[in-house]
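First comes the structure, then the notes that go with it.
All residue numbers in this chain count up from 1 along the given sequence.
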Amino acid sequence: MATITYKCPNCDADLTYRPGTKDFGCNYCGSSFTEEQLDSLLNQDSLLDEQQETLGNAESSTAVVYTCPSCGAELVTDSTTAATFCFYCHNPVIMAGQLSGEFTPDSVIPFEIPKEKVKQQLIEWCKSKKFIDDGFFSEMQLEKLTGVYFPFWLVDGKVSATYAARSNSLKVWVVGDIEYTETTQYAHLRGGDIDMNDLTIGALDRQDAELLNGVYPYNLTAVKKFDMKYLSGFFAEKRNIEKKSVEPKAAQTARKVAEERLESTVVGYGALTGQQLHIDEETYDWQYALMPAWMMTYRYKDELYYFAMNGQTGKIAGRVPVSTRKINRLAGIIAIAGTVLGAVMGGIMWL
């Protein structure tokens with residue numbers, strides 16, 4: 001399995017994708033290249049440094065050993081990591097074999113927000129939390145902010161369905177001393193083709209992927225055809241949830257959408273009963289995609305707290321630690337203020 005880095009044609013240092021300018025930059029000589037320039041250079045002359053994976057696995061069955069193309073150091077990662085950094089020379093490394101064959105993504109949403117801007121927004125967000133522990137957004141902690149591409153399934157579905165339901169209409173009127181009631185029963189039948197577009201299903205079964213729940217959705221109009229160069233300078237994960245295991249979820253969602261849309265056409269008849277949905281035909285189009293997120297975790301008093309930001313839209317989610325020191329200080333101030341106020345009021349009463 002090959003490991004890959006993209007090399008600067010001017011100095012042979014490593015190139016990384018930069019979200020703010022959407023170009024590919026070299027931190028050593030300061031060169032930058034647009035996507036079109038980089039593609040042209042790749043076609044003319046190889047800017048890829050590629051080496052083969054070392055033999056065997058690491059001590060754990062879930063760990064894999066790779067060789068860094070830049071310095072030759074051994075990288076030990078888990079079985080789902082597809083892009084990372086060498087902890088010795090700090091250069092970006094892409095595990096090409098993790099994203100080849102059946103695991104080649106169809107599409108990717110590149111990072112839109114650069115790390116420095118994320119840091120600023122993280123600090124502002126944290127300062128809006130009055131009793132947050134300061135260590136959560138210390139300079140040392142901010143350096144742990146990591147850009148990660150997470151794997152997803154994108155599903156478009158088309159469902160041909162028939163919907164049936166019943167309803168009653170009740171009419172009451174009075175003539176003289178007699179009350180009359182008329183009940184009219186209706187049978188409703190609807191049918192049609194219903195499209196369900198852009199259903200997003202997570203494709204990584206791991207605890208850190210659950211932290212993304214608060215930063216959805218992504219703007220899927222920005223999806224690009226997958227190209228490995230967007231991963232340079234970021235971490236990336238390979239899916240470990242296969243399509244067959246989430247097909248029932250996709251079908252259930254599509255059928256629910258179909259039922260809701262057909263039911264919404266039955267108006268003005270009161271409460272519906274006996275609803276039935278019959279699926280005549282259903283087809284689904286699947287894409288395997290990588291989507292960006294900025295992540296940071298923090299352990300405080302044996303509990304895990306986190307910050308997550310959608311790497312495309314900037315939507316933020318997180319769970320922050322509450323500082324007992326700040327709460328105790330506020331309680332002390334309140335207690336002192338209460339004592340002073342009590343003394344003042346007592347003095348007034350004696351006058």
Side-chain angles (χ1 to χ4, degrees), residues 106-107 109 150-205 209-224 239 241-291 293 308-319:
D106 301 297
S107 53
I109 295 180
F150 285 92
F152 289 86
W153 289 110
L154 302 182
V155 190
D156 290 338
K158 184 174 184 178
V159 177
S160 297
T162 303
Y163 172 82
R166 297 188 302 273
S167 66
N168 295 329
S169 176
L170 191 66
K171 181 180 179 181
V172 179
W173 70 96
V174 177
V175 178
D177 295 331
I178 303 175
E179 181 180 274
Y180 296 89
T181 301
E182 178 183 84
T183 301
T184 305
Q185 294 183 333
Y186 298 93
H188 307 281
L189 186 64
R190 299 287 189 272
D193 297 331
I194 297 90
D195 292 327
M196 179 199 69
N197 298 318
D198 300 333
L199 173 64
T200 304
I201 302 176
L204 180 64
D205 183 13
E210 296 177 4
L211 305 183
L212 297 177
N213 291 338
V215 302
Y216 298 140
Y218 286 88
N219 177 9
L220 299 182
T221 61
V223 168
K224 292 178 174 285
R239 74 173 192 259
I241 297 177
E242 296 305 315
K243 182 176 73 172
K244 64 180 180 181
S245 66
V246 292
E247 282 177 333
K249 180 179 179 179
Q252 182 181 19
T253 302
R255 292 167 187 175
K256 182 179 180 181
V257 169
E259 183 173 14
E260 289 175 350
R261 290 186 185 175
L262 291 174
E263 183 177 300
S264 68
T265 66
V266 183
V267 294
Y269 293 94
L272 299 175
T273 60
Q275 297 95 326
Q276 292 183 343
L277 183 72
H278 177 73
I279 304 298
D280 302 310
E281 184 180 359
E282 53 189 333
T283 57
Y284 299 96
D285 178 44
W286 292 78
Q287 285 192 61
Y288 172 36
L290 297 181
M291 300 189 191
M309 175 189 281
N310 187 309
Q312 179 202 32
T313 68
K315 186 177 180 182
I316 291 174
R319 177 174 179 255

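Between Gln312 and Asn310, the closest heavy-atom pair is N-OD1, 2.8 Å. When all heavy atoms of Ala161 and Leu277 are compared, the closest pair comes out as CB-CD1, 3.8 Å. Shortest non-hydrogen contact noted between Leu290 and Pro151 is CD2-CA, 3.8 Å. The nearest pair of heavy atoms linking Ala250 to Val155 is CB-CG1, 4.3 Å. The heavy-atom pair separating Thr265 from Leu262 by the smallest distance is OG1-O, 2.6 Å. The two residues Ile194 and Gly192 have their closest heavy-atom pair at CD1-O, 3.5 Å.
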Which donor-acceptor pairs under 3.5 Å do the side chains of residues 163-187 make with protein atoms, sequence neighbours left out?
residue	atom	partner	partner atom	Å
Tyr163	OH	Glu263	OE1	3.1
Ser167	OG	His188	NE2	2.7

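Distance check: Thr313 OG1 to Ile109 CD1 gives 9.5 Å after rounding to the nearest 0.5 Å. Separation of atoms CG (Leu212) and CE (Met309) is listed at 13.0 Å; rounding is to 0.5 Å.
The side-chain hydrogen bond (donor to acceptor under 3.5 Å, both in side chains) pairs that include a residue from residues 269-288 are Ser107-Gln287, Thr162-Asp280, Arg255-Glu282, His278-Asp280, Glu282-Tyr284, where partners are two or more places apart or lie in different chains. Within the structure, the side-chain hydrogen bond (donor to acceptor under 3.5 Å, both in side chains) test picks out the following pairs touching residues 193-204 (sequence neighbours left out): Ser160-Asp193.
With sequence neighbours excluded, the residues satisfying salt bridge (Lys or Arg N to Asp or Glu O under 4.0 Å) with Glu242 are Arg239. In this view, Ala209 and Phe150, Leu204 satisfy the side-chain contact (heavy atoms from CB on, under 4.5 Å) rule, not counting sequence neighbours. Scored by the side-chain hydrogen bond (donor to acceptor under 3.5 Å, both in side chains) test, Arg261 finds no partners at all (sequence neighbours excluded). With sequence neighbours excluded, the residues satisfying ring-ring contact (aromatic ring centres under 6.0 Å, His included) with Phe152 are Tyr216.
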Given side-chain contact (heavy atoms from CB on, under 4.5 Å), test Leu220 with Met291 step by step and report yes or no. CA-CA 10 Å; Leu220 299 182; Met291 300 189 191; 3.7 Å; yes
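Remark: the backbone N or O of Ile241 is paired with a side-chain donor or acceptor of Trp153 at under 3.5 angstrom.
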